[in-house]
Amino acid sequence: VANMAQAINTNDRETLHREAHSLKGGTANITAMALSQAAHVLEKLSKEDSMATVQAKTEALENISEEFERFATYVKNLLEGSFKNEVSYR
């Protein structure tokens with residue numbers, strides 16, 4: 001996430017695309033589909049170069065961070081065996 005944030009700040013579309021693509025694929029492999037979809041959105045935005053997309057890229061990165069936190073909580077609960085009503089991560 002830090003690499004993607006820096007890439008957005010420096011308008012490094014190549015690094016942003018590579019990092020988002022890697023995150024998308026890696027999270028899809030472990031079936032963290034909401035996180036993978038969030039990375040897919042940023043991957044698509046990485047190809048665009050306009051001031052309007054800077055805000056969209058920042059929002060997409062914030063969404064990735066939020067999804068990561070949800071997934072991390074899910075994994076933590078899974079490892080601790082402390083699920084209440086939650087059956088799976090979306």
Side-chain angles (χ1 to χ4, degrees):
V1 173
N3 289 344
M4 291 184 283
Q6 182 176 6
I8 290 170
N9 290 332
T10 60
N11 197 29
D12 183 351
R13 292 184 296 154
E14 183 179 320
T15 297
L16 182 59
H17 184 266
R18 184 181 62 247
E19 294 288 330
H21 181 78
S22 294
L23 180 62
K24 178 187 78 172
T27 54
N29 284 337
I30 60 171
T31 65
M33 299 315 289
L35 186 51
S36 181
Q37 179 58 35
H40 175 70
V41 169
L42 186 57
E43 180 186 25
K44 284 176 39 180
L45 287 169
S46 71
K47 297 177 183 177
E48 299 178 24
D49 187 25
S50 73
M51 290 307 291
T53 61
V54 171
Q55 180 63 31
K57 290 172 185 174
T58 301
E59 290 172 5
L61 186 58
E62 289 171 5
N63 189 38
I64 287 171
S65 294
E66 291 168 6
E67 285 301 328
F68 180 80
E69 287 302 318
R70 281 197 256 314
F71 183 70
T73 298
Y74 167 77
V75 170
K76 180 179 179 245
N77 289 340
L78 181 65
L79 293 173
E80 292 175 351
S82 61
F83 283 105
K84 294 184 175 125
N85 294 322
E86 193 171 356
V87 177
S88 66
Y89 174 75
R90 41 185 178 136

Chemist: Once you round to the nearest 0.5 Å, how far does OG1 of Thr73 lie from CG of Leu78?
Modeler: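 These two atoms lie 12.0 Å from each other.
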
Chemist: Atom CE in Met33, atom CD in Glu67: separation rounded to 0.5 Å?
Modeler: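 Going from the CE atom of Met33 to the CD atom of Glu67 covers 12.0 Å.
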
Chemist: How long is the span from the CG atom in Leu61 to the CG atom in Leu42, to the nearest 0.5 Å?
Modeler: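 Here the interatomic distance stands at 6.0 Å.
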
Chemist: Partners of Asn3 by side chain to side chain donor-acceptor pair (under 3.5 Å), sequence neighbours excluded?
Modeler: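 Per chain and number, Asn3 pairs via side chain to side chain donor-acceptor pair (under 3.5 Å) with no residue.
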
Chemist: For Thr15, enumerate each residue passing the side chain to side chain contact (heavy atoms under 4.5 Å, CB included) test, keeping only those at least two apart in sequence or located in another chain.
Modeler: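 Checked Thr15 against side chain to side chain contact (heavy atoms under 4.5 Å, CB included); matches are Ala7, Asp12, Arg18, Glu19.
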
Chemist: Would you please name every residue forming a side chain to side chain contact (heavy atoms under 4.5 Å, CB included) with Thr27, sequence neighbours left out?
Modeler: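 Expected list: Leu23, Ala32, Leu35, Ser36.
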
Chemist: For Asn63 and Ala38, work out which heavy atoms get closest and say how close.
Modeler: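 The pair with the smallest heavy-atom distance is ND2-CB, 3.6 Å.
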
Chemist: Nearest heavy-atom pair of Lys57 and Leu45: which atoms, and what distance?
Modeler: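 Shortest heavy-atom contact: CE-O, 3.0 Å.
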
Chemist: Please answer: with hydrophobic residues joined when any side-chain heavy atoms are less than 4.5 Å apart, are Val41 and Phe71 in the same cluster?
Modeler: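 No, Val41 does not connect to Phe71 through the hydrophobic network.
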
Chemist: Sorted by first residue and then second, give each salt bridge (charged side-chain N to carboxylate O under 4.0 Å, His left out) pair with at least one member in residues 28-40; sequence neighbours left out.
Modeler: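 Listed once each, the pairs would be none.
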
Chemist: Who passes side chain to side chain contact (heavy atoms under 4.5 Å, CB included) against His17, sequence neighbours left out?
Modeler: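 For His17, the residues satisfying side chain to side chain contact (heavy atoms under 4.5 Å, CB included) (neighbours in sequence not counted) are Glu43, Ser46, Lys47.
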
Chemist: Between Arg70 and Glu66, is a side-chain contact (heavy atoms from CB on, under 4.5 Å) present by the stated rule, with each step listed?
Modeler: CA-CA 6 Å; Arg70 281 197 256 314; Glu66 291 168 6; 4.0 Å; yes

Chemist: Could you grab the distance from atom CD1 of Ile8 to atom OG1 of Thr53, nearest 0.5 Å is fine?
Modeler: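 Taking CD1 in Ile8 and OG1 in Thr53, the distance rounds to 9.5 Å.
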
Chemist: Does the pair Met4 and Val1 meet the rule for a side-chain contact (heavy atoms from CB on, under 4.5 Å), with working shown?
Modeler: CA-CA 5 Å; Met4 291 184 283; Val1 173; 4.3 Å; yes

Chemist: Applying side chain to side chain contact (heavy atoms under 4.5 Å, CB included), name anything that partners Glu59, two or more places apart in sequence or on another chain.
Modeler: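 Partners of Glu59 under the side chain to side chain contact (heavy atoms under 4.5 Å, CB included) test: Gln55.
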
